[in-house]
Colleague: 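Sending over a structure as structure tokens; questions will come in a sec.
Remember, it's 1-based here, ligands and their atoms both numbered in the order they're listed. Keep in mind that this is a model prediction, so the values were computed, not measured. Residues: numbered from 1 along the sequence shown.
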Amino acid sequence: MAYDYNGAVAVVTGGSSGVGLAAVRLLLESGARVAFCARNEGRLNDVTQVLARDFGEQNVMSMALSVLDEVHVDGFADAVRDRWNRCDLLVNNAGQGRISTFADTTNDDWRAEYELKLFSQILPTRAFLPMLRVSKGAIVAVNSLLAYQPEPHMVCTSSARAGVQNLLKSLSVEFAPEVRVNSVLLGLIGSGQWSRRFAEREDQSVSREEWYGELARKKGIPLGRLGDAQEAAHAIAFLGSKSASYITGAQLEVSGGLARHI
Ligand code: NDP
């Protein structure tokens, strides 16, 4: 067992795919009971069934909802309280990036992106904070390297992500000493978003390995490949664990060396 989550309850938003799902699995393997959410009910139920089979029904719960729906997010927190009456770790992971330059980003796009990036942190944090305070727990936000290293072709995602890092720093001070708040900054992780872009590639004869390898070369990733969802999950599980008990207000890059800032 890599991390000791025995007796703990973890909540993961966006837990039905990619980094979120890898985090759910790793936390279950580490002894936690885990509640997770996502919007697509069919995929959520499929994943829940597999996890209940592998880790026991008593250790897994899920709820279909959008993290942007305050009433549903509050209902999710109530359900976790009713079932397990505690929350030791909240992983704010749900979301996706938006590819657009300033020229092709409308005002509505800007509003939608800022709402997604900020409120996917704000609403679950507010809903689970009372339980996190009682358990002296932790929040781990899944954010992107774009917060510090903006890309012009992802202009609104980059700027909203910078705002999220700023918010998290404030929260780490306001919630101390009870609740620690940290983040992981992802570079390119070969999960849902990149699988979708791979599926839509121009030359369908190119294999996944070749496409990901070329992408890593183009992006100049020193480790020469995209990261795995499991590698991101390890950073999340570490920051949420007691092993990170003196770490708050910090960010951990999981980017294969892509980060250029010091
Ligand atoms: P995936 O697309 O594989 O998974 C995203 C998960 O979030 C799914 O479970 C999805 O389920 C859920 N989700 C999305 N929007 C919402 C919502 N509004 N409410 C509830 N659940 C939602 O993505 P990744 O694993 O690749 O990404 C995880 C996080 O890391 C995201 O926030 C992403 O932006 C960020 N990130 C990823 C990078 C990468 O290279 N992969 C790079 C930088 C950041 P459903 O669609 O059913 O709701």
Side-chain angles (χ1 to χ4, degrees), residues 11-26 34-48 50-51 62-77 90-99 112-124 127 140-151 153-154 156-158 160-162 164-165 168 183-200 211-212 215-216 219 221 223 225-233 235-236 251-256 258-259:
V11 171
V12 180
T13 67
S16 66
S17 165
V19 172
L21 176 54
V24 169
R25 273 200 162 271
L26 182 56
V34 182
F36 61 103
C37 68
R39 293 163 303 177
N40 183 312
E41 197 163 13
R43 182 165 64 170
L44 192 72
N45 289 341
D46 291 346
V47 168
T48 307
V50 173
L51 294 172
S62 64
M63 200 175 265
L65 58 98
S66 170
V67 286
L68 302 184
D69 184 324
E70 186 172 8
V71 172
H72 287 169
V73 172
D74 288 348
F76 184 36
L90 170 64
V91 181
N92 283 328
N93 163 77
Q96 61 186 59
R98 178 185 291 268
I99 296 179
E113 188 62 0
Y114 267 72
E115 184 182 7
L116 175 62
K117 294 297 178 292
L118 271 299
F119 283 87
S120 63
Q121 302 293 328
I122 292 168
L123 297 183
V140 178
V142 178
N143 203 2
S144 166
L145 191 55
L146 293 171
Y148 292 91
Q149 208 161 284
E151 293 275 5
H153 73 281
M154 295 184 79
C156 58
T157 290
S158 299
R161 289 199 179 284
V164 168
Q165 284 309 104
L168 296 170
S183 60
V184 293
L185 300 180
L186 305 183
L188 276 67
I189 303 295
S191 54
Q193 308 196 46
W194 288 107
S195 296
R196 285 193 291 277
R197 289 173 200 167
F198 166 70
E200 290 157 12
W211 194 83
Y212 276 10
L215 184 60
K219 296 280 183 186
I221 299 174
L223 292 188
R225 62 177 177 84
L226 269 62
D228 289 332
Q230 288 79 359
E231 292 173 309
I236 294 167
Q251 57 267 341
L252 182 51
E253 291 157 12
V254 185
S255 76
L258 181 60

Colleague: Return the option from Gly187, Ser144, Ser66 holding the heavy atom at the smallest distance from atom 18 (N) of ligand 1.
Modeller: Ser66
Colleague: Please identify which atoms of ligand 1 are closer than 4.0 Å to at least one heavy atom of Arg196.
Modeller: 2 (O)
Colleague: Evaluate Val19 for polar contact with ligand 1, using N/O atom pairs at a separation under 3.5 Å.
Modeller: yes
Colleague: Which atoms form the tightest heavy-atom contact between Asp74 and Ala127, and what is the distance?
Modeller: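 For Asp74 and Ala127, the tightest heavy-atom pair comes out as OD1-CB, 3.5 Å.
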Colleague: Quick check: are there more than 12 heavy atoms from other residues, nucleotides or ligands sitting under 6.0 Å from CZ of Phe119?
Modeller: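 Counting other residues, nucleotides and ligands, CZ of Phe119 stays at 12 neighbours or fewer.
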Colleague: For Val142 and Gln121, work out which heavy atoms get closest and say how close.
Modeller: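 Where Val142 meets Gln121 most closely, the heavy atoms are O-NE2, 4.4 Å.
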Colleague: Which ligand 1 atoms are under 4.0 Å away from a heavy-atom of Ser191?
Modeller: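 Under 4.0 Å from Ser191, ligand 1 has these atoms: 24 (P), 25 (O), 26 (O), 41 (N).
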Colleague: Which residue supplies the protein heavy atom nearest to atom 47 (O) of ligand 1, what is that atom called, and how far is it?
Modeller: Asn40 N, 2.8 Å
Colleague: What do we get for Arg161 next to ligand 1 when only non-hydrogen atoms under 4.0 Å count, side chain, backbone, both or neither?
Modeller: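 Side chain only.
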Colleague: If you look only at distance, which donor and acceptor atoms sit under 3.5 Å apart when one is on a side chain in residues 62-69 and the other is two or more places apart or in another chain?
Modeller:
unit_1, atom_1, unit_2, atom_2, d
Ser62, OG, Thr48, OG1, 2.8
Ser66, OG, Leu68, N, 3.1
Asp69, OD1, Val71, N, 3.1
Asp69, OD1, His72, N, 3.1
Asp69, OD2, His72, ND1, 3.2

Colleague: How close do Leu258 and Gln149 get, heavy atom to heavy atom, and via which atoms?
Modeller: O-NE2, 3.2 Å
Colleague: What are the atoms of ligand 1, with element, lying closer than 4.0 Å to any heavy atom of Gln96?
Modeller: 34 (O)
Colleague: For atom 10 (C) of ligand 1, grab the closest protein heavy atom and report residue, atom and distance to one decimal in Å.
Modeller: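 Ranking protein heavy atoms by distance from atom 10 (C) of ligand 1, first comes Arg43 NH2, 3.8 Å.
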Colleague: How far is atom 38 (C) of ligand 1 from the closest protein heavy atom, and which atom is that?
Modeller: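 The answer is Gln193 NE2, 3.8 Å.
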Colleague: With heavy-atom distances below 4.0 Å as the criterion, list the atoms of ligand 1 near Leu186.
Modeller: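 In order of numbering, the contacting atoms are 30 (O), 36 (N), 37 (C), 42 (C), 43 (C).
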Colleague: Can you find a pair of side-chain heavy atoms, one from Leu21 and one from Leu51, that are under 4.5 Å apart?
Modeller: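 Answer yes - side chains close enough.
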Colleague: Please state whether the rings of Trp211 and Trp194 are parallel, tilted or perpendicular, taking 30° and 60° as the class boundaries.
Modeller: tilted
Colleague: Considering heavy atoms of the protein only, find what lies nearest to atom 41 (N) of ligand 1 and give residue, atom and distance to 0.1 Å.
Modeller: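 Sorting protein heavy atoms by distance from atom 41 (N) of ligand 1 puts Ile189 O, 3.1 Å first.
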Colleague: Counting heavy atoms only, which part of Arg39 comes closer than 4.0 Å to ligand 1: side chain, backbone, both or neither?
Modeller: both
Colleague: Tell me the protein heavy atom at minimum distance from atom 4 (O) of ligand 1, and give that distance in Å.
Modeller: Ser17 OG, 3.5 Å
Colleague: Looking only at heavy atoms, what is the nearest atom pair of Ile221 and Arg225, with distance?
Modeller: CG2-O, 3.6 Å
Colleague: Can you name the closest pair of heavy atoms from Val12 and Gly20 and give their distance?
Modeller: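 Heavy-atom minimum between the residues: CG1-O, 3.8 Å.
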Colleague: Counting only heavy atoms, which portion of Val67 has something under 4.0 Å from ligand 1: side chain, backbone, both, or neither?
Modeller: both
Colleague: When you measure from the side chain of Asn143 to the backbone of Val184, do you find a donor-acceptor pair of N or O atoms at a distance under 3.5 Å?
Modeller: no
Colleague: Which ligand 1 atoms, with their elements, are less than 4.0 angstrom from a heavy-atom of Gly18?
Modeller: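 Those atoms are 3 (O), 25 (O).
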Colleague: Heavy-atom contacts under 4.0 Å between Asn93 and ligand 1: side chain, backbone, both, or neither?
Modeller: both
Colleague: Distance under 4.0 Å to a non-hydrogen atom of Leu188: what atoms of ligand 1 satisfy this?
Modeller: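 So the answer, numbered in order with elements, is 40 (O).
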Colleague: Less than 4.5 Å apart, any side-chain heavy atom of Pro124 and any of Leu90?
Modeller: yes
Colleague: Between Glu151 and Leu146, which heavy-atom pair has the shortest distance, and what is it?
Modeller: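 What the structure gives for the nearest pair is CG-CD2, 3.3 Å.
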Colleague: If the cut-off is 4.0 Å to any non-hydrogen atom of Leu65, which atoms of ligand 1 fall inside it?
Modeller: 19 (N), 20 (C)
Colleague: Could you tell me the residue and atom name of the protein heavy atom closest to atom 9 (O) of ligand 1, and the distance to it rounded to 0.1 Å?
Modeller: Ser16 OG, 2.8 Å
Colleague: Identify the protein heavy atom lying closest to atom 30 (O) of ligand 1, giving its residue, its atom name and the separation to 0.1 Å.
Modeller: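 For atom 30 (O) of ligand 1, the nearest protein heavy atom comes out as Val142 CG1, 3.4 Å.
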Colleague: Tell me, which protein residue and heavy-atom name are nearest atom 7 (O) of ligand 1, and how many Å apart are they?
Modeller: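 For atom 7 (O) of ligand 1, the nearest protein heavy atom comes out as Gly14 CA, 3.3 Å.
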Colleague: I'd like to check the side-chain hydrogen bond (donor to acceptor under 3.5 Å, both in side chains) partners of Ser183; sequence neighbours left out, ordered by chain and number.
Modeller: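 Partners of Ser183 by the side-chain hydrogen bond (donor to acceptor under 3.5 Å, both in side chains) criterion, ordered by chain and then number, come out as Gln165.
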